[in-house]
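Okay, structure first, notes after.
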Amino acid sequence: METMAILFLGVLAIATAFLVIFSKNTVHSALWMVGNCFVLAVLFLMLNSQFIAILQVIVYAGAIMMFILYAIMMLNLRREQDEGDPRKNLVTGRILLVLLFFTGLVIMGVGFSPIALKGRMASQAVAQFGEVNLIADYIFSEGLIPFELVSVLLTAAVVGAVYIAKKN
Amino acid sequence: MIDFFIIPVVKLTIIFSICLFLIAYATWLERKVLGHIQLRYGPMRVGWHGLLQPIADGVKNFFKEDVVPDNADKAVFVIAPVISISAAIILLAVIPFGEPIHMFGKEITLYIANPSIGILFILGFATLGSYGTILGGWSSGNKYGYMGGLRASAMIISYELSMAFAVISVVMMSGSFSLVDIVTDQETIWNCLRQPVAFLVFLISGTAELNRTPFDMPEAESELCCGYNVEYSSMKFALFFLAEYTHMFVFGALVTTLFLGGWHGPWLPGVVWFFIKTFLIVFACIWVRATFPRLRYDKVMKLEWKFLLPVAVLNLVATGGVMLFFI
Amino acid sequence: MTEHQSIYLALAAVLFAVGAFGALTRKNAIVVFLCVEIMLGAVNLVFIVFASANQSAEGLFMVMCVMAVAGAEAAVGLAIFVHLYRKTGTINIDKYNLLKW
Amino acid sequence: MEKSDIVNVSGRRVEKGRYVAPLLKGLAYTLKNFFSRPVTLQYPQEKTERSKRWRGLHRLNVDENGKLKCVACGLCARICPSQAITIIPYEDEGGTRYPKKFVIDELRCIYCGFCQEACPKGAISLTQVYDYIDYHRSDFIFDIEKLKNPKQFEFKGK
């Protein structure tokens with residue numbers, strides 16, 4: 001049952017990803033991307049991490065995609081400009097190389113995944129996992145410095161964005 | 001079987017039908033209150049004091065011709081109202097309507113779900129709902145709609161911030177994202193007394209997120225002649241309309257839950273208190289709409305970025321400081 | 001849940017490949033940007049799979065960092081695109097062949 | 001904000017930088033309005049009081065025997081600026097004149113009231129009925145029967 005659900009969601013995720021690439025209209029691309037974010041959020045839910053799932057919806061689908069949509073609408077890119085059909089430049093040599101590389105990655109991922117596990121978890125821990133408290137404890141004890149660095153990064157990004165936008 | 005299937009389904013049906021009924025009558029209430037504030041009567045013809053008006057409107061909208069403009073983006077045009085209404089209705093799932101009641105020897109909770117991330121769920125899906133507005137405006141192939149959609153996205157990017165900050169200071173007080181926990185935390189003192197600044201910021205930015213006057217930038221009748229829904233007609237328009245009123249109802253419920261102590265109150269049962277408070281907030285929304293003129297677009301942005309956001313952040317810092325040193 | 005690890009990882013790899021493929025083939029700067037977001041999403045999925053397998057918050061924290069980076073990237077990247085669009089009138093990345101304006 | 005900084009908003013002097021008090025004042029005003037009586041009328045059931053000189057549909061007056069006062073002199077038709085009145089006079093054996101046909105086109109009529117003033121017998125007068133509605137243009141061409149009792153055409157709602 002769960003395998004079926006994961007496979008279904010996986011197919012959906014890959015299909016939406018392909019639709020992002022092959023939509024002629026930039027807004028349609030962005031919309032399929034929202035769908036992709038949503039499917040990923042459901043996958044995160046299935047991995048018991050509610051908090052990250054809703055964060056995915058809020059941050060990706062809610063904020064970033066909204067922002068991208070705003071930019072697209074502001075630039076008024078209704079039709080693809082001077083690119084033509086995206087399907088035209090589909091197959092080139094380097095793409096095949098990249099695909100082969102990732103096929104290898106898939107095989108390795110499937111083969112080596114059991115090694116990465118430290119052991120089966122207790123059912124108590126499963127229920128606890130994904131709760132906000134777990135992440136909060138980590139952030140404010142061990143992960144404090146990276147967390148603060150992330151805030152510095154965000155501030156830098158805001159300053160940079162404002163500077164670029166103000167330049168002309 | 002009974003616990004996992006029948007009770008949730010019955011609960012779902014009852015809560016959704018009651019809420020949708022109330023939302024349909026919110027349209028009647030708005031017209032009535034607006035009328036009386038403007039020294040008119042409002043709807044009077046259909047039924048006693050126009051009580052059947054929502055049904056008549058529904059029937060009328062259902063049978064109207066469904067126009068899709070020629071240069072519209074057809075698929076997006078059709079899907080936009082659906083996004084809008086479904087993202088609005090899903091919000092009803094996590095609102096705690098009342099304290100658990102005992103019936104047939106079982107304890108029945110008066111909410112559909114109580115996820116540990118309830119308030120984030122609402123923030124996330126409220127944002128998703130505005131995709132309907134944006135896409136509806138964009139896909140109409142109409143300049144006014146386009147401007148409306150653009151404004152809607154700018155509004156949602158801006159006002160989401162101060163709203164989230166106001167919510168976070170409440171979450172800090174109660175130490176949980178779950179709406180039920182937030183309500184139980186307010187048993188002795190309501191959050192609007194403990195967090196008056198957050199309360200005001202939430203009210204203002206919530207009104208802005210609802211796209212209601214004085215912040216109704218996306219539909220601004222006098223500037224954009226109804227903005228994002230210019231090209232919409234028939235049932236599609238009705239869905240947008242219904243989504244707006246669902247958001248208003250959810251906003252009332254959310255203010256009640258976060259700041260007005262949810263179902264807590266003397267004498268009456270919890271559910272009644274909850275609906276009284278929600279009704280008062282919805283009434284206040286209409287009252288504000290009837291009183292204030294629309295702000296200019298740049299003033300709306302100024303209000304958010306130069307006033308509400310700094311105030312909300314300062315409030316958050318102050319809350320943290322107080323909790324650190326005094327509690 | 002543990003037995004599904006392989007599926008998740010394979011899915012993440014495929015998603016990453018699709019994202020990389022799009023980033024390399026498309027010429028519309030914003031779509032390239034979206035493809036980078038797809039790749040980030042795939043990476044997030046891997047982090048969460050391992051975090052849930054090992055019961056540690058580190059992976060979840062990494063995901064939050066990735067999201068913050070994605071947000072920063074969106075802010076700066078879109079500012080750059082808007083700026084370039086105003087300068088050149090196109091967002092086809094093949095047209096951006098100058099290093100200095 | 002300096003108190004001296006004064007802007008002019010629609011003729012009223014408003015001090016710049018005062019936001020909260022005017023907002024509350026506005027809210028209080030609308031709330032007061034909400035609880036006061038509406039000034040509008042429920043039209044077909046309630047109607048405004050019309051002036052005594054109101055000029056509505058025409059009525060042909062009758063004397064105590066139930067006969068028309070009109071002697072078909074044609075003065076009204078003569079004076080009518082929009083030529084809405086058509087009269088075909090007739091004379092019976094006793095030499096009394098009466099109108100065989102008296103037709104007023106209510107769509108042509110401009111309700112000036114000259115016919116009422118011109119009439120030597122007080123046979124035609126204008127009533128207060130102002131809201132006659134119907135479906136066809138021909139329904140607005142009133143003959144004697146209709147003109148005898150225009151009160152019945154007053155709109156009372158469905």
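Naming convention: chains lettered A, B, ... in sequence-line order (proteins, then strands); numbering from 1 in each chain.
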Mind checking the OG1-CD1 spacing from T26(A) to I30(C)? Nearest 0.5 Å is all I need.
6.5 Å
Which members of residues 6-13 of chain A, sorted by number, sit under 4.5 angstrom from chain C on a heavy-atom basis?
I6(A), L7(A), G10(A), A13(A)
Which of L154(A), V158(A), T16(A) touches chain C most, by non-hydrogen pairs under 4.5 Å:
L154(A)
Is L40(A) close to chain C through its backbone or its side chain, or both, or neither, when contacts mean heavy atoms under 4.5 Å?
side chain
Measure the spacing between CZ of F44(A) and OH of Y8(C) and express it to the nearest 0.5 Å.
10.5 Å
Checking heavy atoms, do the side chain of V20(A), its backbone, both or neither come under 4.5 Å from chain C?
both
Considering only heavy atoms, which portion of V69(C) lies under 4.5 Å from any heavy atom of chain A: side chain, backbone, both, or neither?
both
Measuring from atom CE of M33(A) to atom CD1 of I38(C), what distance do you get when rounded to the nearest 0.5 angstrom?
5.0 Å
Could you check which of L11(C), V32(C), L34(C) has the highest count of heavy-atom pairs closer than 4.5 Å to chain A?
L34(C)
Can you give me the closest heavy-atom contact between F61(C) and F147(A), atom names plus distance?
CZ-N, 3.7 Å
With the side chain counted from C-beta on, respond yes when N44(C) and Y60(A) share a heavy-atom pair under 4.5 Å apart, and no when they do not.
yes
Hey, which of I68(A), L149(A), V150(A), I139(A) has the most heavy atom pairs under 4.5 Å with chain C?
I68(A)
Where do A157(A) and A72(C) come nearest, in terms of heavy atoms and distance?
CB-CB, 3.4 Å
With a 4.5 angstrom heavy-atom cut-off, could you sort out which part of E142(A) is near chain C: side chain, backbone, both or neither?
side chain
Of N36(A), T3(A), L153(A), the largest count of non-hydrogen pairs under 4.5 angstrom with chain C goes to T3(A)
How many angstroms lie between CZ in F51(A) and CG in L60(C), if you round to the nearest 0.5 Å?
9.5 Å
Choice from V63(C), I80(C), V82(C), L45(C) maximising heavy atom contacts with chain A below 4.5 Å
L45(C)
4.5 Å side-chain heavy-atom contact, M67(C) and I64(A)
no
Ignoring hydrogens, what is the shortest heavy-atom contact between F67(A) and A74(C)? Give both atom names and the distance.
CE2-O, 3.7 Å
Considering all heavy atoms, the nearest G22(C)-I21(A) contact
CA-CD1, 3.5 Å
